[in-house]
Each structure stands twice: as C-alpha cells, then as structure tokens.
Engineer: 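Quick one: this structure, given as structure tokens, is what I'll be asking you about.
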2 protein chains.
Amino acid sequence: MPAKPVPDIVVARLPLYLRALAAMRKSGKTFASSKEMAQWLGMSPAQIRKDLSYFGEFGKQGMGYAVDDLQARLRQILHLDREWPIVIIGAGRIGSAVAAYPGFADHGFRVCALFDNDPAKIGTCIAGLRVHDVRTLPEFVRAHGVRLAMLAVPAEAAQAVAELAVSAGISAILNYAPLNLALPDHVRVENIDPALHLQHMTYYLD
Amino acid sequence: MPAKPVPDIVVARLPLYLRALAAMRKSGKTFASSKEMAQWLGMSPAQIRKDLSYFGEFGKQGMGYAVDDLQARLRQILHLDREWPIVIIGAGRIGSAVAAYPGFADHGFRVCALFDNDPAKIGTCIAGLRVHDVRTLPEFVRAHGVRLAMLAVPAEAAQAVAELAVSAGISAILNYAPLNLALPDHVRVENIDPALHLQHMTYYLD
DNA sequence: CAGTGTGAAAGTCTTCACAGCT
DNA sequence: AGCTGTGAAGACTTTCACACTG
C-alpha cells in the first residue's frame with residue numbers, strides 16, 4: 001500500500017496511535033484531531049500527521065480523524081485484523097509471568113503454548129497453558145502455523161533456541177534474554193530488558 | 001565530565017557496552033576492540049568509538065579498550081558505582097513478577113519494598129518483600145532516600161500514583177502501565193510495553 | 001476557521017575515512 | 001600492522017509553515 005518505503009520508526013509509533021484512539025473512544029469521542037492525540041501521547045501533532053500520511057489521507061479537514069475509521073485502518077496496516085498465535089519459550093520466572101499477563105489477549109494475540117527443557121516443568125500447566133518439551137517446538141510451530149515467539153530462556157541458551165524456533169518457521173521474536181540474537185535478516189527481533197532502562201536512567205540521577 | 005552535551009540516545013547505549021564488556025570478561029579477554037564489541041552487540045564499530053569519545057579517550061591505539069578499566073569508567077558515568085534502592089508500586093501480576101526477577105540485584109539495584117492499595121495484599125510478602133499500603137509510600141521514599149520506582153498499576157491509577165511518588169522524591173520511573181505519564185521535566189520516565197512490540201512486529205508479517 | 005497533508009528547512013544521528021599513536 | 005578518536009559527509013527524523021479543504 002505505501003508508495004514510499006515507510007521508516008521503521010514510523011511503524012513503531014502506529015501502535016501508540018491505536019492506544020490513543022482506544023482512549024478517545026472510551027471517552028465517547030467520534031473525531032480526534034492530531035492535536036488531541038498528540039497531547040494524550042506527549043508528542044507533536046505534526047509528527048502524527050506526517051506518520052499517518054505515509055499510509056494515506058485519513059483525516060477530514062477541519063474535523064480531525066474519525067476515531068473508528070482510523071482505528072480500523074491502523075489495525076489493517078499493522079495486520080492486527082486477525083488473531084495471532086504466539087508461543088512462549090522458557091517457562092521460568094519471566095516466561096510464567098509473561099504467560100499470565102492478560103495484556104496480550106486484549107490485543108489479539110493468543111498465547112497457545114509454553115516450552116521448556118526442564119523435565120520437572122514439562123507436562124505441568126502454567127497460567128492454564130500446557131508446558132511442552134522444547135524438542136517438540138518445531139513440530140508444534142509448523143502444525144499451528146505460529147509466526148511469533150516470546151523468548152524467555154537464560155542468555156546462554158537463547159541463541160540456540162532462537163535458531164531452532166526460526167528453522168521451524170518463527171519469523172518474529174520478542175526477546176527477553178539479555179543478549180543480541182544473531183538471526184537471518186528476514187527475522188524481526190525486538191528486545192525487552194528492564195535492567196537496561198534502569199541503567200540508562202541512573203545516568204540522570206545526581 | 002562531558003564537555004559537549006551527550007545525546008540521550010548515546011547514554012541509552014552505554015549499558016549495552018557494559019553488557020558486552022561483561023561477556024568479554026567472562027571469556028577471559030583483557031582487551032576488547034570496538035570491532036569485537038560491535039560484533040557481539042550487532043552494531044557498527046564506529047558508533048561505539050564515537051559514543052565512548054563523548055566521555056573521554058579510553059582506548060589504547062592498536063589494542064582496543066582495557067576491559068576492566070572501561071567497565072569501571074562506564075559504571076561511574078552511569079552512576080552504577082553504588083547500590084540503588086528501588087520501590088515497586090503495584091503488587092499485581094506484573095509487580096509480583098518484577099519483584100521476583102533476579103536481574104535487578106545482579107546490576108546493583110536493590111528492590112526494597114512493594115506498595116499496593118488492596119487491603120488483601122497489604123501486609124503479605126511477595127518474593128520475600130513486604131507489601132506496604134500505598135498511602136505510606138511518601139513516608140517510605142523520604143525515609144530511605146529512594147529515587148527510583150517501577151510502576152506496575154492499572155492504567156487508570158498510574159497517573160495519580162506517579163504524581164504521589166514524584167511528590168515524595170522519586171525522580172525516575174520505569175513505567176509498565178500502557179499510557180504516557182505527564183510529569184515534570186526533571187522526572188525521567190521510561191516505558192515498557194510488550195504488546196507495543198508485538199504490534200510493531202506484526203506489520204512485517206505477511 | 002479549524003485542522004489536514006506536505007514540501008522544504010532544521011535538527012539529529014550514523015557512517016566514513018584518515019591522521020596519528022603504540 | 002592494528003586500532004583509536006574525530007571532523008566532515010551523508011542519512012535519517014522532526015518540525016515548520018502554509019496551501020488547501022469541508
């Protein structure tokens with residue numbers, strides 16, 4: 001759809017717009033201007049308009065954007081107009097916490113299984129989900145057409161497990177392990193590391 | 001120390017360098033070149049050199065950087081040469097998971113208390129930590145000189161609780177609630193939202 | 001008019017490429 | 001030879017400012 005290539009940084013902001021729109025909707029608004037959304041999100045109106053303009057002309061002059069409409073368009077653009085199955089690899093503390101987090105289901109992601117290599121965990125249930133042997137991961141991923149994985153294993157194991165996942169068909173990984181995964185270019189990786197954020201913030205203290 | 005103002009984006013990468021150095025050290029190296037670190041981190045050597053040059057000349061020509069030395073310098077720069085007490089606000093699923101995560105202590109952060117407003121939780125222990133009444137937060141923060149907080153309350157409550165924390169002396173917040181906190185400029189806020197990352201990645205699927 | 005969409009300007013960040021040190 | 005530190009170039013991002021529209 002986009003005539004010109006869309007910068008990744010712009011794509012990264014679209015989910016924020018979706019979040020702002022959800023808030024607008026909850027407060028009963030049917031139209032939202034770039035200014036209102038910008039205020040809610042703590043960013044500039046111009047940036048929102050420019051970002052959206054990469055994908056089309058969604059606004060009405062003098063009115064702003066129709067909330068429902070823009071929400072639907074953004075969902076299409078982000079491929080959120082369907083349900084995405086996800087697997088969680090690693091059933092330790094982080095994996096369990098992530099599995100129990102309801103915020104994914106709310107956004108159209110369905111966590112459908114956990115994987116671990118610890119025999120003591122395999123076969124048990126965590127947050128209502130069965131823990132499978134990680135060796136059965138490829139089979140499971142292929143059978144269910146899973147594309148997304150959240151990786152919550154110890155750093156030492158992460159690279160090998162990630163490669164296993166990718167070879168089975170996983171093409172996007174949300175990585176909680178504190179290292180850089182080296183994977184083929186066609187695989188998207190995003191990292192989450194709270195410790196990194198804390199270390200960043202202490203720079204500004206004192 | 002820095003003669004020229006350091007871009008925030010550069011500060012954000014320093015913890016990554018610390019992580020690379022820890023890995024180098026574990027594998028017994030005493031010197032690390034920008035090239036080696038860059039490879040480990042998946043970035044360019046030039047960027048590492050430029051980033052470090054904001055803070056001084058730490059490298060030895062022809063050798064690279066002395067691992068231990070650079071590690072110590074970066075720790076100083078990031079104010080990680082001390083222990084930082086942290087409070088966690090919100091003892092629900094996320095707060096509990098974060099409290100149990102050992103990764104903070106490993107990096108010099110000491111989680112020292114949890115706060116909640118649910119009478120059923122107050123007084124109990126989670127991950128070995130007492131859950132306090134959130135109304136006693138200001139008192140606690142002042143008494144212990146806490147500057148850092150992790151915020152893990154429902155979105156509706158987040159802004160009010162954040163203001164309470166800031167008025168008590170908190171000056172940096174790691175926010176897990178899915179909204180933009182509006183706080184005075186002197187307060188640093190960083191956000192963690194896994195759902196946002198997933199929504200970002202699905203753009204590139206199919 | 002209020003508010004979009006957008007070129008052009010300004011600002012920021014990354015990479016290049018090379019002098020200079022060990 | 002090998003690698004740092006760094007101006008200058010290049011790439012990317014944000015902001016400005018205004019023509020245009022319902």
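Chain letters run A, B, ... following the sequence lines, proteins first, then strands; residues in each count from 1.
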Engineer: Any sub-3.5 Å donor-acceptor pair from Q199(B)'s side-chain atoms to L196(B)'s backbone N or O?
Structural biologist: no

Engineer: So, is Y65(A) near the phosphate of dG5(C), with a side-chain N or O under 4.0 Å from OP1 or OP2?
Structural biologist: yes

Engineer: Report the C-alpha separation of D206(A) and R82(B) in whole Å, then their side-chain angles, then the decisive distance to 0.1 Å, and conclude whether the salt bridge (charged side-chain N to carboxylate O under 4.0 Å, His left out) test is met.
Structural biologist: CA-CA 12 Å; D206(A) 285 20; R82(B) 68 192 89 168; 3.4 Å; yes

Engineer: Counting the atoms with a prime plus P, OP1 and OP2 as sugar-phosphate, which does G59(B) contact under 4.0 Å by heavy atoms, base, sugar-phosphate, or nothing?
Structural biologist: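 Sugar-phosphate: the residue G59(B), judged by heavy atoms under 4.0 Å, touches backbone atoms but no base.
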
Engineer: Distance check needed: dG5(C) P versus M63(A) CE, whole Å only.
Structural biologist: 14 Å

Engineer: Could you give the distance from OH (Y203(A)) to CG (L74(B)), rounded to the nearest 0.5 Å?
Structural biologist: 11.5 Å

Engineer: Could you state the CE-C1' distance from M43(A) to dC16(D), rounded to the nearest angstrom?
Structural biologist: 16 Å

Engineer: By salt bridge (Lys or Arg N to Asp or Glu O under 4.0 Å), which residues pair with D8(B), not counting sequence neighbours?
Structural biologist: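 Checked D8(B) against salt bridge (Lys or Arg N to Asp or Glu O under 4.0 Å); matches are R188(B).
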
Engineer: Rounded to the nearest angstrom, tell me the gap between atom CD1 in I48(A) and atom P in dC16(D).
Structural biologist: 14 Å

Engineer: Can you check the E57(B) CD to dT22(C) P distance for me, whole Å?
Structural biologist: 11 Å

Engineer: Take atom CD in E139(A); do more than 12 heavy atoms of anything else shown fall under 6.0 Å from it?
Structural biologist: no

Engineer: For nucleotides 12-14 of chain C, tabulate all protein N/O to nucleotide N/O atom pairs closer than 3.5 Å, reporting atom names and distance.
Structural biologist:
unit_1: dT14(C); atom_1: OP1; unit_2: R13(B); atom_2: NH1; d: 3.0
unit_1: dT14(C); atom_1: OP1; unit_2: Q47(B); atom_2: NE2; d: 3.3
unit_1: dT14(C); atom_1: OP2; unit_2: R13(B); atom_2: NH1; d: 3.4
unit_1: dT14(C); atom_1: OP2; unit_2: R13(B); atom_2: NH2; d: 2.8
unit_1: dT14(C); atom_1: OP2; unit_2: Q47(B); atom_2: NE2; d: 3.2
unit_1: dT14(C); atom_1: O5'; unit_2: Q47(B); atom_2: NE2; d: 3.3

Engineer: Would you tabulate the pairs of protein nitrogen or oxygen atoms and nucleotide nitrogen or oxygen atoms of nucleotides 17-20 of chain D closer than 3.5 angstrom?
Structural biologist:
unit_1: dA17(D); atom_1: N6; unit_2: R49(A); atom_2: NH2; d: 3.4

Engineer: Give me the residues of residues 24-37 of chain A where at least one heavy atom lies under 4.0 Å from an atom of DNA chain C, by number, or none.
Structural biologist: S33(A), S34(A)

Engineer: Working note: D118(B) + V131(B), criterion side-chain contact (heavy atoms from CB on, under 4.5 Å); need CA distance, chi angles, decisive distance, verdict.
Structural biologist: CA-CA 10 Å; D118(B) 178 353; V131(B) 179; over 6 Å; no

Engineer: Show me the pairs that pass ring-ring contact (aromatic ring centres under 6.0 Å, His included) and involve residues 142-168 of chain B, at least two apart or across chains.
Structural biologist: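 Checked against ring-ring contact (aromatic ring centres under 6.0 Å, His included) - neighbours excluded - the pairs reaching residues 142-168 of chain B are F140(B)-H144(B).
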
Engineer: Check the pair T202(A) / H107(B) against side-chain contact (heavy atoms from CB on, under 4.5 Å), numbers first and verdict last.
Structural biologist: CA-CA 12 Å; T202(A) 53; H107(B) 291 280; over 6 Å; no

Engineer: Can you tell me if M63(A) has over 12 outside heavy atoms packed within less than 6.0 Å of its CE?
Structural biologist: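 At most 12 heavy atoms, drawn from other residues, nucleotides or ligands, come within 6.0 Å of this atom.
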
Engineer: Would you confirm whether W84(B), through its side chain, and H79(B), through its main-chain N or O, come within 3.5 Å as a donor-acceptor pair?
Structural biologist: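 Side chain of W84(B) to backbone of H79(B): a pair is present.
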
Engineer: Sequence neighbours left out, what passes salt bridge (Lys or Arg N to Asp or Glu O under 4.0 Å) with R49(A)? Give chain and number order.
Structural biologist: none

